[in-house]
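Only one structure is covered here, and it is reproduced in the block below.
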Amino acid sequence: MKWQASFKGLMQRDGWLLAALAGAVMLCVMLPMFSASTPMTQEEQRYARVLSTMEGAGQVDVAIRCDKDGIPESCVVVAQGAEDALVRLRLRDAAATLLGIDTKQVAVYQRRKEGT
């Protein structure tokens, strides 16, 4: 009972300090979950370089998800030129061919415009 009274007194006197400390701890724990992006692996960088050489593709990023044995299961391609439907289809087909997966396992998205 004595500790409860001490805790209650501490919360009344220093509650703002404890709340700030708890917020800082939560921020440190949660911040990695909200990072802008994770660096591409060497393999993803290589595929991104190949795909970015395609007509109209522009800057390209690639993320590959593999199974536990390292075999590609799916892929996401983010490209400047993906606004154009033909470029999007070509990127999808090329990524599927490079990875040896079905085109249904490749998603291609428009890259966010700079400054937005």
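Listed by first then second residue, pairs satisfying salt bridge (Lys or Arg N to Asp or Glu O under 4.0 Å) with a partner in residues 80-104 read E83-K113, not counting sequence neighbours.
Here the SG-CD distance, from C66 to E43, works out to 6.0 Å after rounding to the nearest 0.5 Å. Atoms OG1 and CD1, from T41 and I64 in turn, are 6.0 Å apart once rounded to the nearest 0.5 Å.
Applying the side chain to side chain donor-acceptor pair (under 3.5 Å) test to Q110 and every residue at least two apart in sequence or in another chain returns nothing.
Among all heavy-atom pairs drawn from Y47 and V62, the shortest one is C-CG2, 4.2 Å. Taking both residues in full, the closest heavy atoms of L51 and A94 are given as CD2-CB, 3.6 Å, listed atom of the first, atom of the second, then distance. The two residues A57 and L91 have their closest heavy-atom pair at CB-CD2, 4.0 Å.
Considering only heavy atoms from C-beta on, M40 comes within 4.5 Å of D61 through its side chain.
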Which donor-acceptor pairs under 3.5 Å do side chains of residues 71-82 form with protein atoms, sequence neighbours excluded?
residue, atom, partner, partner atom, Å
E73, OE1, R65, NE, 3.3
E73, OE1, R65, NH2, 3.2
Q80, OE1, Q59, N, 2.8

